[in-house]
**Student:** 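Structure incoming, see below.
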Amino acid sequence: MNWVNAIAQGLLLGGLFALFACGLSLLFGVVGIINLAHGDLAVLGGYVAVALLPSVHTNALWALLFVPPMFGAFGYVSQRTLLQRSLDSGPLTTLLVTFGLSVVLQNALLEGFSADSHSLSIGKLATEAFHVSSKISISFLRLGILIVAVAVLAGVQLFLARTSTGRQIRAVADDGEAAAIAGVNTRHITGIATGIAFVTVALAGLAFGMYAQFAPTSGSNLLLFAFEAVIIGGLGSLWGTLAGGCVLGLAQTIGAQIDPTMGTLIGHLVFLAVLAVRPSGLLPARAAA
Amino acid sequence: MSGTPVLKATDLTVRHGQLTALHAVNIAVQPGDVFAVVGANGAGKSTLLRTLAGLHRATTGTITLDGEDITELSTDQRVRRGIVLVPEGRRLFPSMTIEENLLVGAANGRRGDWTLDRVYDLFSWMRDRRKEKTSHLSGGEQQVVSIGRALVANPRVLLLDEISLGLAPVVVQRIYATLPKMLDGDMTVLIVEQDVAQAMRVAAGFQCLLEGRTTLEGKPSDHTPEQIEAAYFGFGPAVAS
């Protein structure tokens, strides 16, 4: 590895982090839920693919067709039932409820799939790469994940900015009661926002499963990286989330270039440095009122 | 009172915990009228309006719109049926532009004559500035956008909650001067005001609240300013038992 390659790999890894952070950012910025079960939900997405794929196709790319829609519906229903109830009784309750959900998910996955790690097989694509030069090679899979991350973030951003439903989601985020006064069915709209967040979680989980191995307890680490990406980028700003993911990815790979054992640590240190110097993140959200 | 009221509340009692904000209040608003609810601070005016809009639950009593019982409906369901509130404090969406605020109001309202264009025609300054964030507007401008956001939902009954609060008198007069232009359809307007004189100038009928009870009602011309003042502050012979 050389430095240029480390930067290229860091940006590619950033795509995965950004994809992870997107749902977390959306759920916090729009619905007001800090979802501590975020990482476990992503892992759940991987396991849903593990469980259902054998009856569909051997290539895990097919899971992209059915897992995200399932998660969209799952998100809408859990918002209308579990999450809305916890929101109604205060922000601390949502922390407790999502933490509880995290524990339940981890243990249910342990029960159902054992502690062995799994991965999602996508055939030859997992190892194929093109060589920019003798020292830099770009994995198709990693590049694909980065492209998906940018497309998802841009798509969500456009949806929120341009569509009527997107405007209503922003209205609820600004002032829920005022949105109801303006005729917005706030529970339905919040359910849609949660559904979108869950779709991105499923995509992130599948991407991670194709990229690395996962076990029922992988979620906590993923949650930490997602949090770091969101906070580095700036809370509630989707482009900031992409920047945050890339900064974190760069820090980890450049750190690993210095010393292979230090990658994650350098990532955490950069996160702490941003938090100390620029607590609102690199690209803070739209100006508050 | 003649005709069938468009909006009617019967025996409306609203409690917030220990506090009873409204005690068995009756109100009946005739179609096409401007009807005013006046009263001092804490008389229950805003609670009445917010209960009619569905933001507070009635402890007892019923609310009907054109004879249909809407007591159990949520706020957004009432908007779809034509009861639209302009809330106290404007409550615009600060991260959004004027145009986006109006589009949210129009998205779930009834279809009708009121479009964004018609609002821009009525308040002409808005058209050129429709891409501005509402958090940058003055209080009076925000109030007008808030009224516009309600109008594009094509209300049958428009509820205006303290629209003069915190605004300069000249701004308030300008807003009230546009009221007749809003009324050329069959829209009914229910206003809540602390400024009694302002309310009496525009209202066909009024009701005065004191500590959650009705102390005086009728047409403004039927009562002397002294009687209204007595009902407002709660002294003198006009106070009902």
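In this text, all values refer to a predicted model and were calculated from it rather than measured experimentally. A note on names: the letters A, B, ... follow the listed sequences, proteins ahead of strands, and every chain is numbered from 1.
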**Student:** Tell me, for B:R50 versus chain A, whether the close heavy atoms (under 4.5 Å) come from the side chain, the backbone, both or neither.
**Tutor:** side chain

**Student:** By the definition side-chain contact (heavy atoms from CB on, under 4.5 Å), identify the one residue from B:Q207, B:Q194, B:E88 that meets it with B:K45.
**Tutor:** B:Q194

**Student:** Select, from B:N108, B:V84, B:V79, the one with the greatest count of heavy-atom pairs under 4.5 Å involving chain A.
**Tutor:** B:N108

**Student:** So what's closer than 4.5 Å to chain A heavy atoms on B:L85: side chain, backbone, both or neither?
**Tutor:** both

**Student:** With ring pair (Phe, Tyr, Trp, His ring centres under 6.0 Å) as the test, would you mind laying out the steps for A:Y76 and A:H188 before giving the verdict?
**Tutor:** CA-CA 8 Å; A:Y76 184 86; A:H188 173 65; 5.7 Å; yes

**Student:** Below 4.5 Å, heavy-atom pairs only: which of B:V152, B:V86, B:T134, B:L103 has the largest tally toward chain A?
**Tutor:** B:L103

**Student:** Assess whether a salt bridge exists between B:E141 and B:R129, defined as any Lys/Arg side-chain N lying under 4.0 Å from an Asp/Glu carboxylate O.
**Tutor:** yes

**Student:** Run through A:F271, A:F20, A:F17 and flag the one making a ring-ring contact (aromatic ring centres under 6.0 Å, His included) with A:F225.
**Tutor:** A:F17

